[in-house]
2 protein chains.
Amino acid sequence: MTGAPTPRAVARAETTARIKELALAQLAESGASSLSLRAVARALDLVSSAIYRYYASRDELITALIVDAYDDLAAAVEVAVEHPRRGARHRFVDGCAAMRTWARAEPHRWALIYGSAIPGYTAPADTVAPAARVVRALCTPVADDRGIGTGRDVGGRLGAQLDATGAALDLDVDRATMLTLIGAFGRLVGLLTLELNGHFVGGLEPADDLWAAIVEREADDLGL
Amino acid sequence: MTGAPTPRAVARAETTARIKELALAQLAESGASSLSLRAVARALDLVSSAIYRYYASRDELITALIVDAYDDLAAAVEVAVEHPRRGARHRFVDGCAAMRTWARAEPHRWALIYGSAIPGYTAPADTVAPAARVVRALCTPVADDRGIGTGRDVGGRLGAQLDATGAALDLDVDRATMLTLIGAFGRLVGLLTLELNGHFVGGLEPADDLWAAIVEREADDLGL
DNA sequence: CGATGGCAAGAGCACCGCTCTCTCTTTGTG
DNA sequence: CACAAAGAGAGAGCGGTGCTCTTGCCATCG
């Protein structure tokens, strides 16, 4: 069945990939909300209606781009974090650096996944697994280094939520560490969002030093 | 000159306000990128081209909404922070709570100011003062409580950037505190963005307890 | 009173997402 | 192998968008 893919199937896969590729290029220079299926079709020498053979709607194309972006970012962080010879602290810092590097290189794709949701557009379930992969990758150095513990435990509803989150991410860390990790991830996302959206132009640009200082502090908080 | 505004000027101001008001309503239910001048015109019983007498372009209308959003959020935080009888820590915590309350009540406006920048749209200079007002309001409890100092100083380029930022915000705090404040603001923005965009639906929703725990930690870090 | 200038209207341009129908070609099967 | 089924593109079309330009009305001010 899968032995010899028919020429038509090959062509279809190729066209689908080209559409995504051209959409990405267009995204890079005009942003998500002005992504035009018609323009993609034009660039492909196709009539606009033909696009709908490949993506049922503009939202479906955007969803594909979102999933790709998550996967791409997650892969970048995973690679950065996967240095077996370095200590946990170095791996965490490298993971953070990889995230910022990716975000600065692909600000439009960053905006796609961590920016404001497109109005009326609700992310389908396909996106949650890739999204989780990103935060999981960033957390693995800490999980691998587990055993330190911050002393304080977290109880109540928040404790249960943290347990559930750790389980969903397949991370074996105590609650207090999980809380710190979520806080760290939130901080990274926030600072990156602010930087990419130009909120730092006043006096904090370039933000390399700021980023480094913050990440070091975060590593301290994580007991790395 | 300003003694008796002509009826025409009054009518113009009124129409301008109504346009903004209707645009805001439309924003609330459809999001920024689907804000339609034509729809606003229809709701106003105006022909679409007439809108351009009041706002030269869609971007200009959106800019007006952005400035309003900053001002509104800043006012909310300022009120929350202005309790003279409470201690600095309480005031800071209240300010953070006000920010989250506002963001959850007006997620579309939050997205407008802290979400991904609209493609091709570059925020005009008019927006930086209101934007600074927000972070300044959040920082005032700490600045009022100054004198503690975290011990460590920050040198180099980052130190200068922190000085510049403190000056731009008209805040008299030492560099290490400024760094912590920026980190705190970034974290708040990031967590709020994640929450509003549904990144917590897995297991952290509702995020009230998470928010409370994070803010308490932040207050600790600030030495409040 | 008469000239000026703000204001609304309407037509129009170039674009958009999406649907429908029609035709042609590839595919898989009886 | 022939033929029905399914896939792919083309084209027309609908209702929507931001924005421009021209035209005519009417309040305002010299």
Side-chain angles (χ1 to χ4, degrees), chain A residues 1-20 22-23 25-27 29-66 112 118-122 124, chain B residues 1-20 22-23 25-27 29-66 112 118-122 124:
Chain A
M1 185 179 277
T2 56
T6 81
R8 177 169 266 177
V10 170
R12 179 178 185 81
E14 205 165 296
T15 304
T16 307
R18 287 193 64 197
I19 290 176
K20 214 160 64 176
L22 287 169
Q26 194 178 319
L27 184 76
E29 62 181 32
S30 322
S33 68
S34 68
L35 204 178
S36 151
L37 292 190
R38 289 181 113 111
V40 171
R42 263 195 307 272
L44 255 156
D45 264 321
L46 269 184
V47 91
S48 72
S49 59
I51 296 285
Y52 291 87
R53 297 250 169 228
Y54 300 89
Y55 292 95
S57 70
R58 188 172 168 278
D59 278 3
E60 203 174 292
L61 212 199
I62 290 181
T63 299
L65 295 180
I66 288 177
L112 209 55
I118 288 99
Y121 170 88
T122 43
Chain B
M1 184 179 274
T2 54
T6 81
R8 180 168 262 175
V10 169
R12 180 179 183 83
E14 204 165 297
T15 305
T16 307
R18 286 193 64 196
I19 290 176
K20 213 161 64 176
L22 287 168
Q26 194 178 318
L27 184 77
E29 61 181 31
S30 322
S33 69
S34 69
L35 204 180
S36 153
L37 291 190
R38 289 182 112 108
V40 171
R42 264 195 305 275
L44 257 157
D45 264 322
L46 268 185
V47 91
S48 71
S49 59
I51 295 286
Y52 292 86
R53 297 246 163 229
Y54 300 90
Y55 292 96
S57 69
R58 187 171 169 279
D59 278 3
E60 202 174 293
L61 214 197
I62 290 180
T63 299
L65 295 179
I66 289 177
L112 210 54
I118 286 101
Y121 170 87
T122 44

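Just so we're on the same page: letters track the sequence lines, and every chain starts at 1. What's counted below: heavy atoms across the whole structure, side chains too, no hydrogens, waters or symmetry copies.
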Original post:
B:Ala43: what forms a side chain to side chain contact (heavy atoms under 4.5 Å, CB included) with it, not counting sequence neighbours?
Top reply: B:Leu22
**OP:** Look at the side chain of A:Arg58 and the backbone N and O of A:Leu35, then say whether any donor-acceptor pair between them is shorter than 3.5 Å.
**Re:** yes
**OP:** Grab the CG-C1' distance between A:Leu61 and C:dC16 for me, whole Å please.
**Re:** 15 Å
**OP:** Heavy atoms under 4.0 Å is the rule here; annotate nucleotides 8-18 of chain D 5' to 3' with B where the base is hit, S where only the sugar-phosphate is, and - elsewhere.
**Re:** BBBB-B---BB
Original post:
CD1 of B:Ile51 versus C1' of C:dG10: gap in Å, rounded?
Top reply: 15 Å
**OP:** Please report the shortest heavy-atom distance between B:Ala23 and B:Leu65, naming the atom on each side.
**Re:** CB-CD1, 4.1 Å
Original post:
Under the side chain to side chain contact (heavy atoms under 4.5 Å, CB included) test, which residues partner B:Ser49, sequence neighbours left out?
Top reply: B:Val47
Original post:
Can you tell me if A:Arg12 uses its side chain to pair, donor with acceptor, with the backbone of A:Arg53 under 3.5 Å?
Top reply: yes
